[in-house]
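None of the values given here were measured: they were computed from a predicted structure. Counting starts at 1 for both ligands and their atoms, following the listed order. Along the sequence shown, residues are numbered consecutively beginning with 1.
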Amino acid sequence: MKYDYLVVGAGLYGSVFAHEAKKAGKTVLVIDKRQNIAGNVYTEDVEKIHVHKYGAHIFHTNNKVVWDYINQFADFNRFTNSPVANYKGELYSLPFNMYTFNKMWGVVTPQEAQEKIEQQKREAGITEPKNLEEQAISLVGKDIYEKLIKGYTEKQWGRKCEDLPAFIIKRLPVRLTFDNNYFNALYQGIPIGGYTKMVENMLEGIEVRLNVNYLDNKEEYDALADKIVYTGAIDEYFEYKLGCLEYRSVRFETEVLDIDNFQGNVAVNYTDAETPWTRIIEHKWFEFGKDDEGNDIPKTVISREYSSEWNLGDEPYYPVNDEKNGELYKKYKELSMQEDHVIFGGRLGEYKYYDMDAVIASALSMCKEELKG
Ligand code: UDP
């Protein structure tokens, strides 16, 4: 049987496409080299807790179309992300808000906080921020940069803040209010029942083959379909012939503890340079609030997260979207344009630091083009 589409990768991009293609009357086969669907949003049940096996994923978006779309496949809870920063035992509220400024400087009013930031910015003499360090100091001043940003960022990216692009830190809100919601998004939540269930619903009625490595048997798989939607790494597709794009990888040390509450929050970021992990995630708090029955679970599951440079064979997580990699990606992109039976999409296929909602938006816009008529 020849399919209309072969989708390589059962993550969000591939699953949205597969769902839409099937709806449009196309035949689709989805393959994935992992033993599970859902890509990096995969959640696994441990002690009735949905563990985010490939890192914390909190769905948040301002895009109503995307929000309505994803709500077809799951109900979302009212989870709001408010991480805590732990700097050598001092706890600070994140993102940067009045609680953070009060703890850092003792300031009480927004005016006082603003003045303190302005003063530190003046002292640093930055007019046009050229890199992450300058951008961060311009946004929140030197003290916060040094205690809450520098160590964490350099651990996470394995690069000096002076050598990182400014846009990365602009992901974080800075607020002169007591709102400690990490995201500036209208809609936010965690799919009840876990992300795996949500993706399962997207792929309902679609043939999925797991433990299958497309690139190992490319010709054989290419022959199965008229067109390929490829969501793996673009440089790997071309056998790294122009060189490797850089990624950051993440390693998780996950433990089940015989206590019901380890840190009282989903995320605690360790923002000093010495602690080897970047953050600890306590998975039960994604889904259970203090009044929920899940709070009775006598155990808890935590993951310490270690960031590292990606080497061949590791899982690629974060594209390093700096100038050098941007140039190389452009060249791969040109090569990919010549593969007219293949659509490259998703975080790895487009080498882009995508949030989940942006991946879905990108997949939906591709579907519109590809499946029209
Ligand atoms: N960041 C920081 N301190 C923190 C949390 C984040 O300096 O406690 C910086 C860091 O550079 C990070 C960026 O903000 O790469 C974006 O953080 P975000 O939480 O969006 O990263 P993600 O959740 O994608 O890992």
_N181-T80 side chain donor-acceptor pair, cut-off 3.5 Å_ = no
*Contacting atoms of ligand 1, where contact means under 4.0 angstrom from a heavy atom of L94*: 8 (O)
*Would you kindly say whether E315 and S249 are connected by a side-chain donor-acceptor distance under 3.5 Å?*
no
_For atom 18 (P) of ligand 1, closest protein heavy-atom neighbour_ = Y182 OH, 3.6 Å
_Distance-only N or O hit between ligand 1 and T153, under 3.5 Å_ = yes
_atom 20 (O) of ligand 1 [closest protein heavy-atom partner, distance rounded to 0.1 Å]_ = R171 NE, 2.8 Å
*Measure R279 to ligand 1 on non-hydrogen atoms and call it side chain, backbone, both or neither using the 4.0 Å cut-off.*
side chain
*For the residue pair Y353 and F167, categorise the inter-ring angle as parallel (less than 30°), tilted (30 to 60°) or perpendicular (more than 60°).*
perpendicular
*Can you list the ligand 1 atoms lying under 4.0 Å from a non-hydrogen atom of Q156?*
15 (O), 25 (O)
*Would you please say whether a donor-acceptor pair under 3.5 Å links the side chains of R171 and N184?*
no
_Nearest protein heavy atom with distance in Å, relative to atom 22 (P) of ligand 1_ = Y353 OH, 3.4 Å
*Is there any N or O on N269 that sits under 3.5 Å from an N or O of ligand 1?*
yes
*Protein contact to atom 1 (N) of ligand 1 [nearest heavy atom, distance to 0.1 Å]*: Y152 CD2, 3.6 Å
*asked:* Less than 6.0 angstrom from the centroid, inside 45 degrees of the normal: does R251 satisfy that with respect to the ring of Y306?
replied: yes
*Name the closest protein heavy atom to atom 25 (O) of ligand 1, giving the residue it belongs to and the distance to 0.1 Å.*
Y318 OH, 2.7 Å
_Can you name the atoms of ligand 1, numbered from 1 with element, that are less than 4.0 Å from a heavy atom of T271?_
8 (O)
*Taking the minimum heavy-atom distance to atom 3 (N) of ligand 1, which of V140, L148, D355, I149 ranks first?*
L148
*Strictly by modelled atom types, are W285 and N265 linked by a side-chain donor-acceptor pair under 3.5 Å?*
no
*Side chains of E339 and Y230: is there a donor and an acceptor less than 3.5 Å apart?*
no
_Under 3.5 Å side-chain donor-acceptor pair for E134 and Y145_ = no
_Give me the residue, atom name and distance of the protein heavy atom closest to atom 9 (C) of ligand 1._
I169 CD1, 3.6 Å
*atom 15 (O) of ligand 1: which protein heavy atom is closest, and how many Å away?*
W157 NE1, 2.8 Å
*With backbone taken as N, CA, C and O and side chain as the heavy atoms from C-beta onward, which portion of I168 lies under 4.0 Å from ligand 1: side chain, backbone, both, or neither?*
both
*Is the shortest distance from a Lys or Arg side-chain nitrogen in K324 or E327 to a carboxylate oxygen in the other one below 4.0 Å?*
no
*Under 3.5 Å, is there a donor-acceptor pair linking the side chains of D222 and Y214?*
yes
